Amino acid sequence: MNEQYPALLVIVPLLSALVISVAGWVNKRLCFPIAVAALSVSAWSSVGLLFRVLNEGAIVYKLGGWPPPMGIAYYIDYLNGLVLPVVSIVALLNLISSKKIVEQQFPDKAGPFYTLYVLMVTGLLGIVVTGDAFNLYVLLEIASLTGYGLLAMGEERAPLATLNYLYMGTIGACFYLLGIGYLYIVTGSLNMVDIARLLPPLYQSKAVLAAFIICMVGMWLKMAFFPLHAWLPNAYTYANSASSGLIAPLMTKVMVYVMIRLILTVFTPAFVFSTLAVSHYIVWLACIAIVIGAVLALKERNLKKMLTYIVVAEVGYMVGGAWLGNRAGLTGAVLHIVNDALMTLCVFLVVGNIVYKVKGYAFADLKGLFSKMPFTMGAFVIGALSIIGVPPTCGFFSKWYLILGAIQAHQYGFMVALLFSSLINVVLFFRVFEIGFYEPFSDHEGHEHHPAVMAEAPLTMLVPLYVVAISLILVGLYTGDIVNHIVQFVIPKGFM
Amino acid sequence: MRIIGLIIVVVTGALLIYAATDFPAWSDPASPASTYLSPYYIEKTMEETSVPNIVTAVLADYRGFDTMFETTVIFSAGVVCFFLLRIPRREEPEIRYYRHVLTGVTIQLKEGYKIPPSADFERIDAVWTPPDLIIKTGCRILIPFIQLFGLYVIAHGHHSPGGGFQGGVILGASIILLAISHDLRTAVRRMSEKLIAILCAVGVSIYAGTGALCLLLKQNFLDYSALAGVLHVDPITARSHGILMVEIGVGIAVLATMIWIYNNISSAGRYRQGL
Amino acid sequence: MTDLISTVVAKYNYWIYITLMMIGLYAMIAKNNLVKKIVGMNIFQTAIILFYVSIGVKKGATIPILEHAHGHEHHVVHAVDYINPLPHVLMLTAIVVGVATLGVALALAIRIYNNYNTLEEDEILAQIREK
Amino acid sequence: MIWPIDLAILTLVVIASIGALMVKDLLGAAILFGSYSFMMCLLWSIMGAVDVAFTEASVGAGVSTVFFVAAVFRTSRRTKD
């Protein structure tokens, strides 16, 4: 049974999305259980796949029975073996906590919502697992289209923000398609490993250089890397909290994974770092991304928009780490994909709970939340500490590898940017703690001095939150094992 | 905003032109794209899948996984349009318009009043819709033949250009023609929204189900040669039948999605008044 | 000079695809009306399809459909005299993705029109600033 | 592969695309966009891509124009630029 895991991983959510769509018309209550069952099967098979990769090394699964260059093949090695469980578990946890939000905001459209939710997870899992460049484009379109649908159901400004996201996202996806076209016209193949085999004699050709630039610009656009990040804050802020809880932690991280996959497998680090000596400028661009992301977050007066700017800064971490060009930097980048997905999920689940109970996420609505919603704010403290980078949590360890890589690569600007953004994060989060903790007692005209009655979020929203909060600490403690067993084999031997 | 646009356009255009100088000359048979992978498809399709139309064979068999996700893209577009636009039906009374067939006089009734369906009054969308008897009867005659042609295109995808997508769109276009020539209510009465939504999911699940069937028969996903046992036929023609089953699934999915998207966009989700 | 003209004419399709793509990209960035941006997006996508299909063209080759006699005697098939079918398969997907994105974009445009009663970007931003 | 027709259609395609973007009325833009898609379909059939031409004709020229016109009817024909 377990040699069919790669197929089950993507097909079960796809088939269940269709069943949910029909169930939405026949009997609405069935939608949520089917969605949870589907995502748990795919989470189970992704963990099973990770263990199979640990035992047997890279797995190739031939779709339709045709050998790779002719047909489409799944190519699962250590890199996507690590990212797959993160994507499916993050999606499962957010799904559990989104049940109450959906019932509160659009109860009669639960069927389509869960269909789009599970289809988006199918697209993301497919992107992470596929070994064919064009197949990755089709899955990218599924993930983006369902993302537009999920993000557009929100406040009054949500459709406009999502339409801008649609324009930028379509340009990004089409640039990626064009980059694959340039590779196809020069090599004649579409399979990633096959292209990497055919590329070396062509390293000097202008078409391959242009293909690389276009693919990179396309991916930077999709992951909202600094100069191209204008669409992200509005798109994620005005969406309903169930969709932003799914898309904020996953979409940008999976795009960073695709960028690392392009660097490591398709264009091979030899081409990227030696032929193209451009990594120095991109690390500087990442520094600017981190600094601008942190500074713009200071300006915001509402919690959700502040967090979206922190997501933009985190993308700067990962891109900078990947482009440092040494082992520590790339380890930090890959580890940061895992950690940042969990951290962002924890923080956005907290926002979901707050919006569910308080119906607002501006700083004014956060008054006295520590007494009203102690558990939610407790998890928010753990998430904030992890984003700042305090040792027991996982945020510290990936930042540690990034700084180590920056020093080894003599990119001191990147190191300074990392430390600067950590300090800014401290200011950002403690400002929110201060409002949440001290605010209700210090406002003089408020006469009610009795502590606010505890109005905590329902249990189905608290349990996933605490699972994530605890996992932040566990992943932090087991970083050594993760690096030694998995991330170490991600980077090819020849890498200095 | 225009200047930024011009700068970006000029820079990307220069990069693309700079790279295009390095391409192999246009339409020369020795270019890498035409000498690496495609000769295998051209020479081996007839032996391995007995389908003369190479594009359909590559589309549904060699790279069938792509096409399954492409059908999922269409399906998700239909669900997104429904999710965004559809306003749940609240039975509040509406102003109705009728036209007396013989004299052509149009009547506007206050909210909640109806004329029972009778031969000499026909319901119209709004006061200004002119009586278009010629268009209606013309379309009623034309639509069955469009649908016949659509079915032919799906069924004949093996031997001639065409296949699931083209046939599905033509069938969808015939129902949209009905909705445009008459009015949205007759089209929705002919194919109700629930039927379309379920047909959409059924189409994609025929495709994914065929693949899953091959999975159950101990082969990799979408490996049609596994169907040889079920269809009692040798693996090569099993592949051809597998491709046909998949094309039918795609046709149904595309048919239903096109109508679904049209219904939601043209009536902006209220399903009362279409184009 | 003549080789310059021959190189330009030899790759005429690629210059046209680049101009079309730039027209689409410019329209998406500079146009003020949201539906005009959607038209620009579609032109952008069809330009990439033009690029892919012009990869597969071969001089003196026929369409990628094999004449088959039902008698099953397999005359040898030479790859040279058939057009490369792979870009056609990829572009069927790209066209369908283009329509799907168009449908979603128009649905969003209708929702925006319901909220702001206009489709001009500057008028919408003015209304947002008022609120 | 008739070479001059290919050049003629390519230039017509560019003209139609610029026209679709410059015309001041959205319904006109939708119709011109339909003609642009139809000319692209001619281009594919000249280049031998018959399946792509069939899809572009039915999907590109056919259904997208219907969606455009339906959306323009539901919003407004007025456009400033």
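First the proteins, then the strands, lettered A, B, ... as listed; each starts at 1. All values below come from the heavy atoms of this structure, side chains included, with hydrogens, waters and symmetry mates left out. Because the structure is predicted, anything quoted here is derived from the model rather than measured.
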If one checks every heavy atom of C/Y17 against chain B at 4.5 Å, the contacting part turns out to be side chain
If one checks every heavy atom of B/L6 against chain C at 4.5 Å, the contacting part turns out to be both
Interatomic distance, CD1@B/I4 vs OH@C/Y26, rounded to 0.5 Å, equals 11.0 Å
In terms of heavy-atom pairs under 4.5 Å with chain B, the winner among C/I55, C/V104, C/N114, C/N13 is C/N13
Here the gap from C/T93 atom OG1 to B/E70 atom CD, rounded to the nearest 0.5 Å, amounts to 3.5 Å
To the nearest 0.5 Å, atom CD1 of B/I42 lies from atom CG of C/L86 at 10.0 Å
Between B/C81 and C/G103, the two heavy atoms sitting closest are SG-O, 3.6 Å
If you tally heavy-atom pairs under 4.5 Å between each of B/P39, B/G163, B/S34 and chain C, the highest tally belongs to B/S34
So, the part of B/V80 with a heavy atom under 4.5 Å from chain C: the answer is side chain
Of B/L37, B/L59, B/V10, the largest count of non-hydrogen pairs under 4.5 angstrom with chain C goes to B/L59
(request) Start with the C-alpha gap between B/Y41 and C/Y82, add the side-chain angles, then the distance that decides, and say whether side-chain contact (heavy atoms from CB on, under 4.5 Å) holds. (result) CA-CA 11 Å; B/Y41 290 132; C/Y82 287 100; over 6 Å; no
Derivation of the side-chain contact (heavy atoms from CB on, under 4.5 Å) call for C/V99 and B/I261 | CA-CA 11 Å; C/V99 173; B/I261 294 179; 5.9 Å; no
Whatever's closer than 4.5 Å to a heavy atom in chain C on B/S160 counts as backbone
Ranked by heavy-atom pairs below 4.5 Å to chain B, first place among C/L106, C/L92, C/V97 goes to C/L92
One should read off an interatomic distance between B/L16 CG and C/W15 CH2, to the nearest 0.5 angstrom, of 10.0 Å
One should read off an interatomic distance between C/N84 CG and B/I54 CD1, to the nearest 0.5 angstrom, of 9.5 Å
In terms of heavy-atom contacts, B/I265 and C/I110 come closest through O-CD1, 3.6 Å
Between B/R63 and C/L90, the two heavy atoms sitting closest are NE-CD2, 3.9 Å
The interface call for B/Y262 against chain C, heavy-atom contacts under 4.5 Å, is neither
Bottom line for B/P161: the part with an atom under 4.5 Å from chain C's heavy atoms is both
One should read off an interatomic distance between C/I65 CD1 and B/T56 OG1, to the nearest 0.5 angstrom, of 7.0 Å
The interface call for C/M28 against chain B, heavy-atom contacts under 4.5 Å, is neither
All heavy atoms of C/P64 vs all of B/N53, minimum pair found to be O-OD1, 4.1 Å
Heavy atoms of B/V9 and C/M22 approach each other most closely as O-SD, 3.3 Å
Note: vs chain B, highest number of non-hydrogen pairs under 4.5 angstrom among C/L102, C/T19, C/L25, C/L108 is C/L25
On a heavy-atom basis, the closest approach of C/I18 and B/A20 is CD1-CB, 4.2 Å
